[in-house]
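What follows is a single structure, written as structure tokens, with notes after it.
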Amino acid sequence: MTTGELVCPAGTPAALRTAVDAGADSIYCGFQNATNARNFPGLNFTPQELGKAVQYAHEKGAKVLLALNTYPPEGKFGLWREAADLGADLDVDAYIVADMGVAAYVADNHPDKRLHLSVQAAAASPDAIRYYVREFGVRRVVLPRILTIPEIREIKQEIPCEIETFIFGNHGLMVEGRCSLTNYATGLSTNMDGVCSPAHLVEYRRDAEGGMATRLGPFTIDRFGPDESAGYPTICKGRFCNSEHPEGYYAFEEPISLNLSRLLPELMDAGVNAFKIEGRQRSRAYVKKVVAAFRAAVDDIRDGLEPALSDLAALTEGQKQTEGAYKTKKWR
Amino acid sequence: MTPTAPENSATTDQRVPFRLADVPVPLLPLQPILYRIVRRIARMHPEVFDRLGAHQRTDFVIDLTDLPLALHLRPNPRALVFRAVRKDRLPPHKAHIAGDVLMLLRMLDAEIDGDAIFFSRDLLISGDTEAVVTLRNALDDVEGSIAEDVADMFGAPGRLALRRLRALAENSE
């Protein structure tokens, strides 16, 4: 079993080729619909594009993982079934799924394909993970970002499948599959429609002093001063006022990105098989820089060298980084 | 005794610093060049329009913050609009993007990340966020260099100008 497989994001065919060329071992991506959790405008793949992308990746020795990691609403399961079948026709290497129905469909109809359990499924205990392995033949679990490295090490000893952890990127609510903040504010579901903070409901308003307010639907979720770094327009990164904090405070998480580059050796030693870079909504420039940086770091560790860690601060949200719960449960 | 102010200091203090963005330029000669540019990009990268979807009909204004003009873009392949406009006479538009020319060129060529320059507040957007996100994603799927494609249209002088712009961008980091 290999360790340190680099799992990289691609929101477009060009980003996928960039990730492959920068050293990705595998690339995850999705179709242009609600079957994946980054259903953003102008993003993702048509079936024709995915077919060409899989061919490109395979020629270069990389794998393609198809994200089907949303939850089908009642009466709409056909879209997920069709996406799974298309994925098999296009020769993807694995499916990333969250919903049990989708997992069962893939296990029954495409048993030769690997199943990876999405972070959206929020399986964080050995019992839950073993259930998915036993019932659906899941080969890998993507752990939610709520576990310390000692906890990951313990889980690894108790489960019969691979572990994938996030190492870089967005650090919002760490149990994404259970987040309903967007639903509350907009009526659209991150977990079923695939869009956290849908862009058509986001508005940035500038004031005369150079400040900026971020609005999601009818709610102002943050205000930034003229020289203050901004963050994503998500409620989990919003600043809110109450009687205890009349000046406003970050109730859930501040604009900040996860960066575990310094913890890679410990994660590999704990038995983590694959490292995931978040950011299918990000640009080719991001993909190229982040993938190349982690490719070099993982290769150094495998060669017994001290990893050379690139400075990725400029690409982080709010231009701030954290090791989150991986380092300590008290990261805030 | 009050120290004597240096000669001309009052004049110096009141002088408005020179900004290229404040210099009026004739826009008419630019229009055919801009139209040629957008036609060429459209011919070379027709897939961009599929990703734009309904936003082919959206009017974008791109405010070049270090130049005395803005650009008006309507990326409709059947009736492309790409023209220079005065900042005090912007056409009706749904989406507004603002940043300096070099930064926008580098974002177009995937040298810098759009989200990163948004976080740092170097890129400002307002109006229809979905339109801006869609345009960004569509352009990011264009491989190769749009800036080089444009420079090639003008032969050796175009390529030289691009090299100088890029050198300027590197020196400004």
Side-chain angles (χ1 to χ4, degrees), chain A residues 10-18 32 40-46 49 170 195 197-206 210-216 224-233 255 257 279-290 312-320, chain B residues 45-56 58 60 63 65 75 94-99 103-147 169 173:
Chain A
T12 62
L16 182 140
R17 288 188 286 272
T18 300
Q32 293 175 345
F40 293 161
L43 212 61
N44 295 319
F45 291 66
T46 65
E49 288 171 341
N170 182 35
V195 183
S197 288
H200 71 280
L201 295 173
V202 172
E203 186 187 1
Y204 299 104
R205 285 186 188 170
R206 277 182 280 162
M212 180 177 76
T214 305
R215 288 176 63 82
L216 178 63
F224 300 97
D227 299 318
E228 203 175 2
S229 293
Y232 279 121
S257 290
R280 281 192 283 142
Q281 75 285 10
R282 300 292 291 262
S283 67
R284 279 185 293 142
Y286 168 95
V287 168
K288 186 176 180 180
K289 283 179 188 155
V290 178
L312 298 172
L315 294 166
T316 56
E317 185 181 2
Q319 305 193 311
K320 284 184 285 189
Chain B
H45 306 288
E47 70 280 2
V48 164
F49 299 104
D50 293 333
R51 285 194 177 272
L52 282 169
H55 290 295
Q56 291 178 1
T58 295
F60 296 85
D63 179 0
T65 53
K94 281 185 75 180
H96 189 274
I97 302 164
M103 185 190 73
L104 293 172
L105 269 179
R106 296 184 71 206
M107 182 175 71
L108 203 58
D109 279 353
E111 290 173 21
I112 52 175
D113 176 59
D115 285 11
I117 54 177
F118 172 77
F119 296 148
S120 66
R121 308 284 299 279
D122 293 310
L123 178 73
L124 300 172
I125 64 174
S126 55
D128 186 335
T129 307
E130 182 182 85
V132 176
V133 170
T134 307
L135 180 65
R136 191 278 307 260
N137 289 337
L139 290 173
D140 200 58
D141 192 39
V142 174
E143 282 176 294
S145 165
I146 290 179
E173 279 182 349

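We name chains A, B, ... by the order of the sequence lines, and we start the count at 1 in each one. The figures that follow rest on heavy atoms only: side chains count, while hydrogens, waters and symmetry mates do not.
Note that CG of B:D140 and CG of A:L43 are 9.0 Å apart. Values are rounded to the nearest 0.5 Å. To the nearest 0.5 Å, atoms CE (B:M107) and CZ (A:R284) are separated by 12.0 Å. A:R206 CZ to B:H96 NE2: the interatomic distance, rounded to the nearest 0.5 Å, is 6.0 Å. Note that CZ of B:F119 is 8.0 Å distant from OG1 of A:T316, once rounded to the nearest 0.5 Å. Note that CG of A:L201 and CD of B:E130 are 8.5 Å apart. Values are rounded to the nearest 0.5 Å.
The contact between B:V142 and chain A is made entirely by backbone atoms, counting heavy-atom distances below 4.5 Å. Both the backbone and the side chain of B:I125 come within less than 4.5 Å of a heavy atom of chain A. For a residue to count as touching a neighbouring chain, one of its non-hydrogen atoms must lie under 4.5 Å from one of that chain's; by this rule B:E143 touches chain A with backbone and side chain alike. For a residue to count as touching a neighbouring chain, one of its non-hydrogen atoms must lie under 4.5 Å from one of that chain's; by this rule B:D141 touches chain A with backbone and side chain alike.
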Full working for side chain to side chain contact (heavy atoms under 4.5 Å, CB included) between B:E47 and A:E49: CA-CA 11 Å; B:E47 70 280 2; A:E49 288 171 341; 5.6 Å; no
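When all heavy atoms of A:P41 and B:T134 are compared, the pair lying nearest together is CB-OG1, 3.1 Å. A:A314 approaches B:A116 most closely through the heavy-atom pair O-CB, 3.2 Å. When all heavy atoms of A:Q319 and B:S120 are compared, the pair lying nearest together is NE2-CB, 3.5 Å.
When each of A:P198, A:G231, A:P226, A:G42 is scored by its heavy-atom pairs under 4.5 Å with chain B, the top score falls to A:G42. Counting heavy-atom pairs under 4.5 Å between each of A:G11, A:G210, A:P13 and chain B puts A:P13 at the top.
Scored by the ring-ring contact (aromatic ring centres under 6.0 Å, His included) test, B:F118 finds A:Y204 as partners (sequence neighbours excluded). Qualifying side chain to side chain donor-acceptor pair (under 3.5 Å) partners for A:Q32, counting only residues two or more places apart in sequence or in other chains: none.
Looking at A:K289 and B:D113, their side chains never come closer than 4.5 Å, going by heavy atoms from C-beta outward.
In this structure, B:R121 contributes its side chain and A:D227 its backbone to no donor-acceptor pair below 3.5 Å. With hydrogens and angles ignored, the 3.5 Å screen pairs a side-chain donor or acceptor of B:R51 with a backbone N or O of A:N44. Of the possible donor and acceptor atoms, none in the side chain of B:R136 sits under 3.5 Å from a partner among the backbone N and O of A:S283.
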